[in-house]
Amino acid sequence: MTVLHFEYRMELTYEENVGRCYYTIKCFPREDARQRLLGMEFSVFPETEYSFGKDSFGNQQIYGCETKPHKQFIFSIAGDVEILQTDYVEEAAAEQTGIFRVPHGKCIPGPGLLAYYGSQDLSGCKDSYEVCAKLMHTLYRDFSYEPGITGVRTTAEEAWGFGRGVCQDYAHIYITLLRLAGIPARYVCGLIIGEGASHAWAEALCGGRWVAFDPTNDCLVLNHYIKLGHGRDSADCAINRGLMWSGGAQSQKISVIVEKK
């Protein structure tokens, strides 16, 4: 058993006053077979009324509206998560696997990824787990980590064309390949020791259980990861989404700490 302490802070600064802002924040650790939330505290500035809820994927969120003019929006959260010694995330619910089987959003293959998948020899794989492992290893070999090449809107096919990207791109490409192999796969947003920012990985359905793979680091997700949410692609579990009036140019500053207790 491992207990991880995490702290996440997001600070948005606007050039001009924002007259009204609607926001949704998904930055709350999920509870499943692999992890359990021991406690947390969070704050929103400016102070505003908000409501708790869950989206269609079961990700916990808060949502609210700030109507007073402001030039800054800050969300911070800190807490402890117990990581349990399991080799899977959760049992599969049959009625929820279908949406993770088909191409969607940023995980739609184009000519490049279709050709790459077609070049893979998966004939020696005995089951879906071995397919997942082999595709993870080959992607890690054939794609390079380099920040600044892609952005939050970059698709799997676009990132593959660049040949370089960050964890979001690795996850999108990997999920696209798994779905081409007929394996349900979902995108995961979370935190990891040593990153200083949020991290992305994937979960695949293997033998009736969701198993977590990190293609960026070519490994299984072990006891130094905290899962926040999952979805079909990064848009489904984005930590922060909002709609605002005015504000002009804006800047965003993120800080993350994850450490063993």
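For the numbers below, each heavy atom of this structure counts, side chains included, while hydrogens, waters and symmetry mates do not.
A side-chain donor from one of E7 and H5 sits under 3.5 Å from a side-chain acceptor of the other. Between the side chains of H199 and D214, at least one donor-acceptor pair of N or O atoms lies under 3.5 Å.
Between F73 and Y23, the ring planes lie tilted relative to each other; the angle falls in the 30° to 60° range. Classification of the F100-F57 ring pair by plane angle, with boundaries at 30° and 60°, yields tilted. A perpendicular orientation is assigned to the rings of F28 and F42, their planes being inclined by more than 60° (bins at 30° and 60°).
By the neighbour-count criterion of 12 heavy atoms within 6.0 Å, atom CD of E49 is sparsely surrounded, having that number or fewer from other residues, nucleotides or ligands. Few gaps surround CD on Q252; more than 12 heavy atoms of other groups in view lie less than 6.0 Å from it. Atom CD of E41 is surrounded by 12 or fewer heavy atoms from other residues, nucleotides or ligands within 6.0 Å.
Screening V81, V89, T86 against Q35 for a side-chain contact (heavy atoms from CB on, under 4.5 Å) leaves a single residue, V81. With N59 as reference, R30 is the one residue of K26, K227, R30 to meet the side chain to side chain donor-acceptor pair (under 3.5 Å) rule.
Between atom NE2 of residue H172 and atom CD1 of residue I108 there is a gap of 11.0 Å, rounded to the nearest 0.5 Å. One finds the CE atom of M136 at 9.5 Å from the OG1 atom of T138 (value rounded to the nearest 0.5 Å). Atom-to-atom distance recorded for S76:OG and M10:CE is 9.5 Å, nearest 0.5 angstrom. To the nearest 0.5 Å, atom OG1 of residue T216 and atom CG of residue D169 are 8.5 Å apart. Note that the CZ atom of R179 and the SG atom of C107 stand 5.0 Å from one another [nearest 0.5 Å]. Rounded to the nearest 0.5 Å, atoms SG (C206) and OH (Y88) are 13.5 Å apart.
Side-chain contact between T13 and Q250 is absent, with no heavy atoms from C-beta onward closer than 4.5 Å.
A salt bridge is absent between K68 and E66: the closest approach of a Lys/Arg side-chain nitrogen to an acidic carboxylate oxygen does not fall below 4.0 angstrom.
For H230 and Y187, the gap between ring centers reaches or exceeds 6.0 Å. Between W160 and Y117, the distance separating the two ring centers is not shorter than 6.0 angstrom.
Taking the salt bridge (charged side-chain N to carboxylate O under 4.0 Å, His left out) definition, one finds that E90 meets it with R186, sequence neighbours left out.
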